[in-house]
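Beneath this line is the structure, given in C-alpha cells, with notes to follow.
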Protein chains: 2
Amino acid sequence: MIAKPKPPPETTRAALLRAALELFGSQGYQGTSIREIAAAADSNIASIAYHFGGKEGLRVACADHVVGLLQQIAAPVLDLNVAQSPEDSGKNLSPDDARSKLVAMEQRMVHFLLSAPEAKPLVPFMLREMSDPSPVMDRIFTGVIEPVHRRLCQLWQDATGEPAESEQVRLTIFTLIGQIIYFRIGREVVLRRMQWPSYTEDRTEKIAGIIAANLEAVLSPSTQDQPSPGSSPE
Amino acid sequence: MIAKPKPPPETTRAALLRAALELFGSQGYQGTSIREIAAAADSNIASIAYHFGGKEGLRVACADHVVGLLQQIAAPVLDLNVAQSPEDSGKNLSPDDARSKLVAMEQRMVHFLLSAPEAKPLVPFMLREMSDPSPVMDRIFTGVIEPVHRRLCQLWQDATGEPAESEQVRLTIFTLIGQIIYFRIGREVVLRRMQWPSYTEDRTEKIAGIIAANLEAVLSPSTQDQPSPGSSPE
DNA sequence: GTCTATAAACAGATAGAC
DNA sequence: GTCTATCTGTTTATAGAC
C-alpha cells in the first residue's frame, strides 16, 4: 500500500473497464449485456460481479474513470492563469487575453470532442450519461461539466465585463457549449447532411473555425443596441 | 375502405402508439419492454404483435407517426412564402425579411422543443433516434431534419448572399440548431447549473432571446474582416 | 482471482380460446 | 380484435470447483 503505489494487479479489472466504457458508449447501458463486456475483455461474467459487484457497479466505475481522466485533461487548461503568479489572484485577465483564451478553449474542446484519439472511448459514454439522467450523471456534472462551465463564465466576464454568474452569461456559455457538443451528439445527422463519410482533421478544423467566428461575433459590441435581454420585440 | 376514410377503429392501436412513444422517449428503446407498453396502454403483449408485428415494428410506427406530426407542424412554417404567389417562384426574400424570418423560426423551434405541450411526447423520441443511428433515423432525417435544414440554409442565403448549400452555410445552420437542441438534450445539465427546477415560459423566452441575439450578431457584417473561413490565425 | 455451471427472473413472440 | 397462457431464448447474479 505504501511501497507499491501503482503495481499492475489490475489486468482483468482494467480490461473490463475499458470494454465496458467502449460498449456502454456505443450501445448504451441497457443495450449492452455483461456477457458482451466479459467477452470483449477476454474474461467471464462472474468477474464483473467479483470486481464491481454487478452491472450497475461497473457503470459507476466507468463514470468515475471518465471523470478522473477528463479532470486530468481539463486541469492544465482550467487553471492556466490561476497558477501564473501568486499576487495575480488568478482571477482577472485583460479583455483581450480573456477573449483569445475563450477562443482557444473552444478550439480545444471541438478538437477533443470530434477527433482526439484519447477522447474516443470517453466522450460517447459521457454524452449518454448526460442525456439519460442516471444517478451517475451527478459525478460527471460536479467533476467535469460544472467546473468547465464556471471557468468559461469567468472568462466571459473578463472579456465583456458582464457578471460571470448572471443568468445571461451562464446561458450564453451554454449556447457556446451547445454548438460544440451538437457536432458530437448529432454526428450522424451532420455527416449525412454534409455528405461526409466521417469527420477528418480538416473538417474538424472547419467546424472549429465557424464556431470561433460565431463566438467572436457575439463577443463583439457590434455597436448596436444590447441594453437588456428581456426587451425583445417579440 | 372508400366510404369511411377515417373511422375510429384504432383505439387500442392508438393507445399502444402513444404509450410506446412516451416510454421509448423517456427510457429508450432497449430500456423499455413491450410488457410496460402494453400495461401503459391498458392492453396486453399480444396486441403489439397483432398490430405492429413486434417491438421493432412498433418502433418504426412511432417514427412514422412522429415524422407525420412534425411535418404537419413544420409545414406552415416551411413554405410560408412558397405558396404566397405563383409567379413569386417562392424562393427569394429580401435580406431583411429573410433575417427576421430566421429569427422567427429560431424562436418557434426553441418554444416548440422546450415548452410546447404537443412536442412533449415527440421530441424525446426523436432526439433518441437521432443520437442512436438506428434504421429508423432515416425516416426522421429525410422527413423532418433535412427539409428544415435546407429551408434554414435558403433563408441564410437570402439574408446574407452566401450560397445556401455551401459548406460554410450548412455548418453555420448546424451551429444554430445545436444551440437550440442542446437545451433539450442537455436539459438536466442546464437545469442543474441554472438551479432551475424546470423550464418555464419565462425561462424558455429568455433562452430564445439569447439565441436570437447570437443569431443577429452572427448575421451582422460587424464591419470586421470575414474574408474566407479557412484563414483563421490559429 | 479466475472460471464453469446453474439458478431465477426477464425478454419477445406466439398458440389458441373467446 | 382481444386476451390468457405458454414457449423459447436471454438476462443478471451466484454457487462452488480450481
Looking at the side chain of A:A46, which of C:dC3, D:dA13, C:dG12 is the nearest nucleotide?
C:dC3
For B:I181 and B:L113 the tightest heavy-atom approach is CG1-CD1, 3.9 Å
Whole-Å distance between D:dC3 P and B:I37 CD1?
16 Å
Rounded distance in Å - CD1 (A:I34) to P (C:dC10):
15 Å
Please work out if A:I45 contacts a base, only the sugar-phosphate, or nothing of the nucleic acid, heavy-atom cut-off 4.0 Å.
base
Counting only distance, no hydrogens or angles, is the base of D:dT10 paired donor-acceptor with the side chain of A:R35 under 3.5 Å?
no
Any heavy-atom pair between the side chains of A:F24 and A:K55 that's under 4.5 Å?
yes
How close or far is atom P of C:dA13 from atom CZ of B:R59, stated in whole angstroms?
13 Å
Qualifying residue for salt bridge (charged side-chain N to carboxylate O under 4.0 Å, His left out) with B:E167, from A:K206, A:R203, A:R193
A:K206
Specify the separation, in whole Å, of atom NZ of B:K55 and atom P of D:dG9.
19 Å
Assuming nearest nucleotide by heavy-atom distance, tell me which of A:T32 and B:S47 is located more 5' along DNA chain D.
B:S47
Winner on side-chain proximity to B:S33, out of D:dT12, C:dG12, C:dC3, is C:dG12
Provide, to the nearest angstrom, the distance between the CD1 atom belonging to A:I48 and the C1' atom belonging to C:dG1.
15 Å
Within the structure, does a side-chain N or O atom of A:S43 lie under 4.0 Å from either OP1 or OP2 of C:dC3?
yes
Are A:R192 and A:E188 within salt-bridge range, i.e. N to O under 4.0 Å?
no
Rounded to whole angstrom units, what separation is found between the CG atom of A:N44 and the P atom of D:dC18?
16 Å
From NE2 of A:H51 across to P of D:dT14 the rounded distance in Å is 16 Å
Phosphate OP1/OP2 of D:dT2 contacted by B:T12 side-chain N/O (<4.0 Å)
yes
Calculate, to the nearest 0.5 Å, the distance between atoms CD and CD1 belonging to A:E106 and A:I211 respectively.
5.5 Å
Starting from P on D:dT4, measure out to OH on B:Y50 and report it in whole angstrom.
17 Å
